Chemist: 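First the structure, then my questions, so here it is.
Treat the numbers as computed from the prediction; the structure is a model and nothing was measured. A, B, ... follow the sequence lines: proteins, then strands. Residue 1 opens every chain.
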2 protein chains.
Amino acid sequence: MDNDFLVAMGYPGLTARLKRLNDAFVHQTREFYKERDLTIEPNWHMVFLLLEKHEQLTVTEIAEALGLSHPAIVKLTTKMKDKGYISSVKDQKDKRKSQLQLSEKAKKEIPELHIYWDAGVEALKEMMNDNQELLKQLKIVEDHLDEMDYKTRILNHLDL
Amino acid sequence: MDNDFLVAMGYPGLTARLKRLNDAFVHQTREFYKERDLTIEPNWHMVFLLLEKHEQLTVTEIAEALGLSHPAIVKLTTKMKDKGYISSVKDQKDKRKSQLQLSEKAKKEIPELHIYWDAGVEALKEMMNDNQELLKQLKIVEDHLDEMDYKTRILNHLDL
DNA sequence: ATAAACTACGTAATTGGTTACGCAAACATA
DNA sequence: TATGTTTGCGTAACCAATTACGTAGTTTAT
């Protein structure tokens, strides 16, 4: 058996490697939180950061910012509410919306969480040899994907 | 709202971007297959390639090569069997194992599938500006992760 | 002012994966 | 040769996400 088949495959192995790498990060982040008895989950991180920056946001706004479906955000934020990290206020101007914000508990605990998140960033940086090249290369692909989607690109290459 | 919050976040946005990018590729590949009335799924690709290269493999071998759990492979290959792409033979030397291989149908259809997969590779290459820099950068992170896991690295940075 | 279209978001059903468990076969060892 | 341990893999329960759908509220057009 190959040392690493996905790597050996080159280009076609890319997407599986993206998934594998992400799964590893999420898994180990979850382990880390568990070990420290933190009752937060890995995918809450970006929601916390968003709400630190924006004070209040709707479900749809969060979904768009994170590139997830709105039902995903409903579930995620419901859990965060259950744990007391998020409070929601019905929007008075538009009654369909509810504005989500960090609770007092969240604001009190976030400074400690930032210590862990910062350590995570340092760990990441270290694994990336202290440069942003991976991020840059990702951006290139993301930008291309925005310009024209992958399916269309495949079709174009078939017609040649 | 930011143009792209995950990108703006830099390092901490990385894992969410890996997921988002992978999801986009998988989604659009699925759409492509559907449009061409191909009854295959995106994550079968690597299994096809593995079995082209290795003639016959067990569930566990495939799981290890792809970095997935064995139950994932059981489900995936069961579907491929149902569609007639994989046949399995009980291993005579070790009766716990069954050796999976490409069916005749698979061998007949694979040349056509390669046309599509090749177009996909061309599309990918194009999005990566015809270079392997992203793959190289990924490899760096993967190798570091193999050396020492992310959780341990976070802990190390906390102790400083 | 009313009808039509659109938007926000909650819920249900489905999906692709995971961990946990169990059992049978194989292997190692006393 | 019996016995404890490991391995392979199937099944069950669970989980995080998706798509599809319903409904109430908002906006637009006539």
Chemist: Calculate the interatomic distance between B/Phe25 atom CZ and C/dG16 atom C1'; express it in whole Å.
Modeler: 19 Å
Chemist: Would you say B/Arg20's side chain and A/Leu66's backbone share a donor-acceptor pair under 3.5 angstrom?
Modeler: no
Chemist: Whether the side chain of B/Asn129 engages the backbone of B/Asn131 through a donor-acceptor N/O pair (distance < 3.5 Å, no angle test) should be reported.
Modeler: no
Chemist: How long is the line joining NZ of B/Lys90 and P of C/dA25, in whole Å?
Modeler: 10 Å
Chemist: Specify the separation, in whole Å, of atom NZ of B/Lys79 and atom C1' of D/dG10.
Modeler: 17 Å
Chemist: Starting from the 5' end of DNA chain C, give me the residue, A/Asp23 or A/Thr60, whose nearest nucleotide shows up first.
Modeler: A/Thr60
Chemist: Just the rounded figure in Å: distance from P of C/dT18 to NZ of A/Lys34.
Modeler: 15 Å
Chemist: Any ion pair linking B/Arg96 and B/Asp94 (charged N to carboxylate O, less than 4.0 Å)?
Modeler: yes
Chemist: Would B/Lys125 and B/Glu122 pass as an ion pair if we require N to O under 4.0 Å?
Modeler: yes
Chemist: Looking only at N and O atoms, is any donor in the side chain of B/Lys97 or the base of C/dA25 less than 3.5 Å from an acceptor on the other one?
Modeler: no
Chemist: Tabulate protein N/O versus nucleotide N/O from nucleotides 23-26 of chain D, keeping only pairs under 3.5 Å, one per line.
Modeler:
from, atom 1, to, atom 2, distance (Å)
D/dG25, N2, A/Arg96, NH1, 2.8
D/dT26, OP1, A/Lys93, O, 3.3
D/dT26, OP1, A/Lys95, N, 2.8

Chemist: Start at the 5' end of DNA chain D and walk down; is the nucleotide closest to A/Ser69 or to B/Val74 reached first?
Modeler: B/Val74
Chemist: Using a heavy-atom distance cut-off of less than 4.0 Å, which residues of residues 39-48 of chain B contact DNA chain C?
Modeler: B/Glu41, B/Asn43
Chemist: Among B/Leu50, B/Val47, B/Ile62, which one satisfies side-chain contact (heavy atoms from CB on, under 4.5 Å) with B/Leu100?
Modeler: B/Ile62
Chemist: Below the 4.0 Å mark, does D/dA17 have OP1 or OP2 next to a side-chain nitrogen or oxygen of B/Arg20?
Modeler: no
Chemist: Would you indicate whether the side-chain heavy atoms of A/Asn22 and A/Leu18 approach each other to under 4.5 Å?
Modeler: no
Chemist: Can you tell me which nucleotide in D/dC9, D/dT18, C/dA20 comes closest to the side chain of B/Pro71?
Modeler: C/dA20
Chemist: Determine whether a donor-acceptor pair (N or O, by modelled atom type, separation under 3.5 Å) exists between the side chain of A/Tyr150 and the backbone of B/His27.
Modeler: no
Chemist: Going by salt bridge (charged side-chain N to carboxylate O under 4.0 Å, His left out), B/Glu41 matches just one of B/Lys34, B/Lys79, B/Lys83. Which one?
Modeler: B/Lys79
Chemist: Side chain of A/Leu76: nearest nucleotide among D/dA17, D/dT19, D/dC9?
Modeler: D/dA17
Chemist: Mapping B/Thr58 and B/His27 to their closest nucleotides on DNA chain D, which lands nearer the 5' end?
Modeler: B/Thr58
Chemist: Side chain of A/Lys75: nearest nucleotide among D/dA17, D/dT11, D/dT19?
Modeler: D/dA17
Chemist: Roughly, in whole Å, what's the span from CG in A/Leu68 to C1' in C/dC9?
Modeler: 15 Å
Chemist: Quickly work out the A/His70 NE2 to C/dT7 C1' distance and round it to whole Å.
Modeler: 10 Å
Chemist: How far apart are the C-alpha atoms of A/Phe48 and A/Tyr85, what are their side-chain angles, what is the distance that settles it, and do they pass the ring-ring contact (aromatic ring centres under 6.0 Å, His included) test?
Modeler: CA-CA 9 Å; A/Phe48 276 124; A/Tyr85 288 110; 5.5 Å; yes
Chemist: Between the main-chain N or O of B/Ile110 and the side-chain N or O of B/His114, is there a donor-acceptor pair closer than 3.5 Å?
Modeler: no
Chemist: D/dA17 C1' sits how many Å from A/Asn22 CG, rounded?
Modeler: 12 Å
Chemist: Just the rounded figure in Å: distance from P of C/dC9 to CD of A/Gln99.
Modeler: 8 Å
